[in-house]
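Reading through the structure tokens given below for one structure.
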Amino acid sequence: MTVRVRFAPSPTGHLHVGGARTAIFNWLFAKRYHGTFVIRVEDTDQSRSTRQSEAMVLEDLRWLGMPWEEGPDVGGPHAPYRQSERTEIYNRFAAELMTRDVAYRCYCAEEELDEKRKAAEAAGRPPHYDLKCWHNRRNDDAPHAVRFHVPDDGDVTIDDLIRGEVSWKKESLGDFIVVRSDGLPTYNFSVVVDDHEMEITHVIRAEEHLTNTHRQVLIYRAMGWTVPEFAHVSLILGPDRSKLSKRHGATSVSQYAEDGFLPDAMVNYLTLLGWSSPDGAEIFTRQESATKFSLDRVNSAPAVFDHQKLEWVNGQYIHAMTAAQLRPLVAPFFDVPWLEEGIDVVKTSVHRLNQFADALRFVREYEPAEVDRALAEPLAAELRTNGTPVDEATYKAMVERLKTATGLKGKALFMPLRMALTGSDHGPELVRTIPLLRRASAVDPSVLSPLQRVEKCIR
RNA sequence: GGCGCAUUCGUCUAGGGGUCCAGGACGCCGCCCUCUCACGGCGGUAACACGGGUUCAAAUCCCGUAUGCGCUACCA
């Protein structure tokens, strides 16, 4: 049997990091078992779903770098992959459910149901549907929804791949709506129809759907369909341990892209949030994790999103990349003719792509520092006669001559030197900084050369 | 309220009856490297929610309690 998994976002905004992690686990599982990864858009809630949002979610998924074999944009053998385009299919199966007498038309008004529910709750009874339309089944075309009837043998036990056995008693459920009065299916119905029709073998989704599984299994049974395997992934929490939301800061994948995070780092971190590699590795490519991924190593407890660790992971990726690899990624945030050289000099002090501009500010902006003439003048003379160092050897030669000329050494020499050339008391090593300033000033007229800087100090 | 899920350092986690007075990572602290900042290296800090069982032996199995979260919709 070929593994087929799906990620089924509802297009109501950008892709959320929680959704991203669910997508990653699905993708990893598909790769691990050489299966198929399907994207299905769950847009049956017309009031909240937009086509624009669907495009954003797909774009976020593309940015993360998890290609899918079937989906609304690429099609596939089970098209369409947008639930709003599959209503005839749902209606067909809803009709079949009614033919089998496990579903029925419900003509109750929403207000009426609300009142009954409140009354039941007030009286301490379970707020389940009172079965009025089940007991008086009819089939006219007055406005109605379609309701599924929970059978007497409605107890359900599943063997969740992450949580183990989970059971529910039939009593915990009332008859529930499968087709709304607007003719569109509810989630619990469309998801079953689609997962069956699309031959999904493993349903890997967020924990918030765990209790919905009871209803869904009942529908599978009523239709006589094979029940897929389930794996419910725990939620991602904010620092206060409530479900991660906007008030905790950035929650959408696109926001992280804008904040200078790399897709590889994002996928790496999110994979680590709930899954651990059997060899204990924490930095790994998606190919590496895909060969080792298994659902039994997915943690069933919710995980707090740790922004600091994400930054660290992102830094690990940036530090491991060459300046040439980094340049095209940094350019959208900050671009100068000497970008690649600049990146090479400061990349170890940066954790995010958008921090390069700041880290290289000293190259573009220079405020003359208070520097003792006893150093500034010999330095200016040195730069005039011997030129500016171009590499480690010429830098060391310059330092030796300066030591002789000034009688200074160690910190007493280097700090004023740094101040004179960068205007700051901290930054990358001088042996790298000076050649960078030289090259940058050569290709970029807005950058002052080392000599120009020193001259400003003397004036 | 009912049902369901969860609970190991501040955070992510390892662990599946003895090898655990609990290991790794992030963070934090210290030291080293060093002109500074960062990187890197080394070291330190810090946890089995609580109470009962089962067992020669429990972080690991069972039962309660507490706490958190989810579902209980004509949202997904």
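So that the names make sense, note that chain A is the first sequence line, chain B the second, and so on, each numbered from 1. None of the values given here were measured: they were computed from a predicted structure.
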Within residues 7-29 of chain A or reaching into it, pairs that qualify as side-chain hydrogen bond (donor to acceptor under 3.5 Å, both in side chains) - sequence neighbours excluded = A:His14-A:Asp60, A:His14-A:Ser254
In 5'-to-3' order, the base (B), backbone-only (S) or no-contact (-) status of each nucleotide in nucleotides 39-48 of chain B, using a 4.0 angstrom heavy-atom cut-off, is SS--------
Residues forming a side-chain hydrogen bond (donor to acceptor under 3.5 Å, both in side chains) with A:Tyr256, sequence neighbours excluded = none
For A:Arg286, all residues meeting side-chain hydrogen bond (donor to acceptor under 3.5 Å, both in side chains), sequence neighbours excluded | A:Asp264
Please list, chain by chain and in numerical order, all residues satisfying side-chain hydrogen bond (donor to acceptor under 3.5 Å, both in side chains) with A:His232, sequence neighbours excluded.
-> A:Asp160, A:Arg205, A:Thr213
Could I get the full list of salt bridge (Lys or Arg N to Asp or Glu O under 4.0 Å) partners for A:Asp240, not counting sequence neighbours?
-> A:Arg247
Could you let me know what B:U11 is paired to, Watson-Crick or G-U wobble, both distances under 3.5 Å, or none if it's on its own?
-> B:A25
Per the under-4.0 Å heavy-atom filter, residues of residues 266-281 of chain A near RNA chain B come out as A:Leu272, A:Leu273, A:Gly274, A:Ser276
Take nucleotides 63-76 of chain B nucleotide by nucleotide from the 5' end and write B, S or -, depending on whether a protein heavy atom sits under 4.0 Å from the base, only from the sugar-phosphate, or from neither.
-> -----SSBSSSBBB
Apply ring-ring contact (aromatic ring centres under 6.0 Å, His included) to A:Phe7 and list each qualifying residue two or more places apart in sequence or on a separate chain.
-> none
Would you call A:Lys292 and A:Asp279 a salt bridge, using N to O less than 4.0 angstrom?
-> yes
Using heavy atoms and a sub-4.0 Å distance, could you list which residues of residues 292-301 of chain A are near RNA chain B? By number, please.
-> A:Arg297, A:Asn299, A:Ser300, A:Ala301
Please list, chain by chain and in numerical order, all residues satisfying side-chain hydrogen bond (donor to acceptor under 3.5 Å, both in side chains) with A:Arg137, sequence neighbours excluded.
-> A:Asp101
Excluding sequence neighbours, so at least two apart, what forms salt bridge (Lys or Arg N to Asp or Glu O under 4.0 Å) with A:Asp155?
-> A:Lys169
